[in-house]
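Working notes for the structure below.
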Amino acid sequence: MSQARPAARIAELRQQLEDANYRYHVLDEPNIPDAEYDRLLRELDELEAAHPELVTPDSPTQRVGNAPSGKFAEVRHAIPMLSLGNAFSDEEVHDFVRRIAEKLQRPALKFSAEPKLDGLAISLRYEHGAFVQGATRGDGASGEDVTANLRTVKAIPLRLRGEGWPEVLEVRGEVYMPRADFERYNEHARLQGGKVLANPRNGAAGSLRQLDPRITAQRPLAFYAYGTGLVEGGALPDSHSATLAKLREWGFPVSALGEVVEGAEGLLVYYRRIGERRDALPFDIDGVVYKLDDGEGQREMGFVSRAPRWAIAHKFPAQEQATTVEAIEIQIGRTGAATPVARLAPVQVAGVIVTNATLHNADQIARLDVRVGDSVIVRRAGDVIPEVVGVIAERRPDGTQPWTMPAHCPVCGSEIVREEGEAVWRCSGELSCPAQRKETIRHFASRRAMDIEGLGDRYIEDLSDLGYLQSVADLYKLTLDDLLEMKRRADERKPVPAEAGSTTPETAKAGKIATRWAENLIEAIDRSRAATLERFLFALGIQHVGESTAKALAQWFGDLQLIRRLPWPLFKRVPDIGGEVARSLGHFFDQPGNQQVIDDLLARGVAITDTHLPSGRLRAELTLSKLLVDLEIPKITPVRAEQLASAFANASALLDTPAHNFVSAGLPSESANAFAAWLEDDANAQLLSRSGEALGTLLAITPEDAAEAGGPLDGKTVVLTGGLASMSRDEAGAKLEALGAKVAGSVSKKTHIVVAGESAGSKLAKAQELGIEIWDEARLLAFLVEHG
DNA sequence: GATCCTCGAGTTCA
DNA sequence: CTCGAGGATC
């Protein structure tokens with residue numbers, strides 16, 4: 001750099017920075033890394049500081065102004081910023097096209113179509129190529145002067161590029177916040193304890209209304225141009241698409257998704273294509289906009305009140321809606337978990353009517369401070385499940401109270417309690433609580449458990465309320481007559497609105513249908529009698545025992561009679577079962593009521609189809625030292641357990657042993673005393689004795705051969721995502737497991753292969769990010785064929 | 001004790 | 001799908 005010619009260097013730096021900006025925001029082809037950009041900007045800043053006389057308002061260093069202005073001035077739009085008519089259905093789009101075709105008497109109309117960003121409409125005024133004023137849309141006739149804030153938006157050029165632009169040019173477009181930037185900003189704000197933005201749209205709007213442009217400069221705002229306003233001292237091309245192309249040349253970002261399409265069919269195809277990509281786009285859109293492309297046609301169509309007749313916005317079903325909370329009720333789950341659910345005034349969100357939304361737990365309610373009577377924003381996040389995003393504070397009616405968890409279960413009246421350090425509150429009624437009983441039955445009968453088809457929620461409700469089902473075992477006691485009687489009584493209880501003049505033949509028909517239903521259900525229950533151990537264990541609904549743990553238990557121990565009598569520390573020999581889960585299993589089997597249910601189930605014909613000996617892999621795990629560690633005795637570390645195990649032959653030898661004998665075994669006196677003290681508790685001594693016996697029994701029956709048949713996928717972790725055409729994901733998972741793979745539910749760096757089916761989502765994205773091997777369905781099928 | 005990875009549990013509507 | 005928490009690992 002030559003000190004003698006700072007002006008030349010300044011001009012060069014500005015050019016480089018502007019080019020970089022243009023390539024980044026308009027062409028989407030960055031040419032220099034961010035760090036390099038920052039370096040150039042710093043150099044320019046220093047040069048300008050040394051030569052203040054060379055600073056111009058359109059320099060890239062001058063984006064962020066200083067003094068907060070007091071208030072926004074009003075700006076009158078030379079040409080009003082119009083609103084657009086809306087279309088919500090295909091029919092309305094056809095009407096729109098038909099109206100134009102009739103008036104213009106022209107077939108094959110061409111439209112310029114582009115996504116409608118969910119941001120804030122603004123107007124930018126350029127005089128002789130320099131950005132002089134920017135305003136919000138306001139009411140369309142006049143808006144607020146937010147020039148200082150708009151200058152901080154890097155996607156907005158401070159001076160126009162190229163040539164041929166009019167002396168005065170107003171550009172219209174949308175300021176928005178890209179979704180990823182919004183998330184990043186919020187994450188940062190949360191960490192700093194700052195204010196979190198409700199959604200990208202509000203974020204963009206709020207950012208532009210900041211009085212201090214230095215705050216706006218920190219917000220990740222972006223911009224797309226979609227049209228023009230006043231044009232003086234020059235002319236624009238006479239079609240919308242060509243105008244957009246010109247704007248792009250002059251330095252404005254223009255949506256890359258814009259297209260020129262023909263006729264109503266073309267518009268609808270475009271609408272669907274964008275709709276499919278909606279979730280994957282980096283920004284929120286609320287629809288697409290169609291504009292008649294040629295200027296002559298536009299002029300001929302003219303305006304109706306304040307909207308052009310040559311353009312329309314075709315909206316997507318709203319993903320977020322406002323509604324009111326009519327009540328907050330709690331639901332009791334299978335484990336007694338009390339989940340608050342908001343009852344909402346019905347509202348259409350993303351195509352379905354939503355009346356309920358989970359509030360997860362009491363903490364969540366406290367965080368959002370949702371109250372009965374509040375207006376709230378409801379969203380169907382990504383998939384389908386509605387959630388309350390936030391409260392509209394301004395609309396809170398007077399006299400509302402913060403919500404609190406009720407002290408008693410609304411179903412059984414038992415106390416609702418919360419374990420130390422846990423997030424969930426639980427009804428303490430256990431199986432005396434009808435709600436928990438019903439949920440337990442529902443879980444038992446569910447598809448992935450015993451798979452009793454036709455036993456819907458309503459019937460569980462009725463059967464349970466009318467006393468036919470005290471426990472899951474009673475399912476296998478039901479007779480055809482029971483079911484028919486139940487149905488009759490249930491109908492009496494809550495009669496179906498009786499149709500006047502209902503005739504006998506109809507009643508007979510209803511009777512036939514009921515009989516048919518009952519027969520089918522009885523048959524389904526009968527089919528479920530043959531169950532795998534894995535499904536059966538899962539169906540019991542033991543806390544912390546889901547499908548995966550149930551499967552591990554079945555594989556390692558193989559026999560229900562063994563499992564149901566195992567002291568809890570032995571469960572810890574199975575990988576992924578720790579103290580918490582082991583105790584939960586022990587607690588379940590310790591309860592006589594549960595053992596009775598199991599006995600009843602077996603007595604009524606439930607038969608485990610795959611009983612076998614414990615897995616050979618278990619043998620290596622069956623040592624006294626491991627058992628001693630699993631008992632969680634204070635001061636007994638693996639090293640101390642090892643010492644005890646080598647000095648004593650078995651668990652019973654440890655009983656009734658004075659502490660000094662433990663010291664002779666090599667234990668420090670502290671550990672020896674702690675162990676002796678632990679043994680003094682009868683319950684502990686008994687647990688040790690029982691566990692020792694169980695250890696011996698297991699050792700006696702566990703086969704020696706630990707070798708497992710090695711499959712081609714041994715040791716590989718596979719994740720399935722998306723839909724497969726040739727089989728269900730479950731089937732594919734079973735086949736992969738048969739080849740030795742471990743099928744996991746989520747992608748991590750430990751994953752070896754991801755099988756991506758149709759419309760795979762975030763898991764596929766994550767796999768690509770982590771550079772994990774990805775198979776499509778064809779690859780999977782080829783592999784399965786190759787290996788049997 | 002911290003961190004990463006999984007699993008369990010709960011949830012909506014047609 | 002998302003959250004919370006249990007288990008494994010360093």
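All heavy atoms count here, side chains included; hydrogens, waters and symmetry mates do not. First the proteins, then the strands, lettered A, B, ... as listed; each starts at 1.
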Would you say that more than 12 heavy atoms from the other residues, nucleotides or ligands in this model lie under 6.0 Å from the CZ of A:R418, or not? yes
Kindly say if A:T549 contacts the phosphate of B:dG8, meaning a side-chain N or O under 4.0 Å from OP1 or OP2. yes
Could you check how far NZ of A:K551 sits from C1' of B:dC7, rounded to whole Å? 13 Å
Sequence neighbours excluded, which residues qualify as side chain to side chain donor-acceptor pair (under 3.5 Å) partners of A:E329? A:R343
Just how far, in rounded Å, is C1' of B:dT11 from CD1 of A:I365? 14 Å
Rounded distance in Å - CG (A:L585) to P (B:dG8): 11 Å
Side chain of A:K749, heavy atoms from C-beta onward: which of B:dC4, B:dC13, B:dC7 has the nearest atom to it? B:dC4
Summarise protein proximity over nucleotides 4-10 of chain C in one line of letters, 5' to 3': B for base, S for sugar-phosphate only, - for none, counting protein heavy atoms closer than 4.0 Å. -SSSS--
Does the side chain of A:I416 come within less than 4.5 Å of A:I330's, by heavy atoms? yes
Separation of atom CD in A:Q321 from atom P in B:dT12, rounded to whole Å: 19 Å
Excluding sequence neighbours, so at least two apart, what forms side chain to side chain donor-acceptor pair (under 3.5 Å) with A:D776? none
In whole angstroms, the gap separating P of B:dA9 from CG of A:L540 amounts to 13 Å
For A:T335 and for A:N356, locate the closest nucleotide of DNA chain B by heavy-atom distance; then report the residue assigned to the nucleotide nearer the 5' terminus. A:T335
Is any side-chain N of the basic residue among A:E439 and A:R442 closer than 4.0 Å to the acidic one's carboxylate O? yes
Calculate the interatomic distance between A:I353 atom CD1 and B:dA14 atom P; express it in whole Å. 7 Å
Distance check: side-chain N/O of A:T358 vs OP1/OP2 of B:dT12, anything under 4.0 Å? no
Quick one: is A:Q331 getting a side-chain N or O under 4.0 Å of the B:dT11 phosphate, OP1 or OP2? yes
Touch class at under 4.0 angstrom, heavy-atom based, for A:K742 against every strand present: sugar-phosphate
Atom pair distance, as rounded to whole Å: CD in A:E387 and P in B:dT11: 14 Å
How are the rings of A:F589 and A:F571 set relative to one another: parallel (under 30°), tilted (30 to 60°) or perpendicular (over 60°)? parallel
How many whole angstroms separate atom CD of A:E547 from atom C1' of B:dC7? 11 Å
Is it the case that the side chain of A:R640 and the backbone of A:K635 share a donor-acceptor pair, with hydrogens and angles ignored and the cut-off at 3.5 Å? no
Would you mind telling me which of B:dG10, B:dT11, B:dC13 lies closest to the side-chain atoms of A:A337? B:dG10
Out of B:dT12, B:dG10, B:dC7, which nucleotide sits closest to the side chain of A:S548? B:dC7
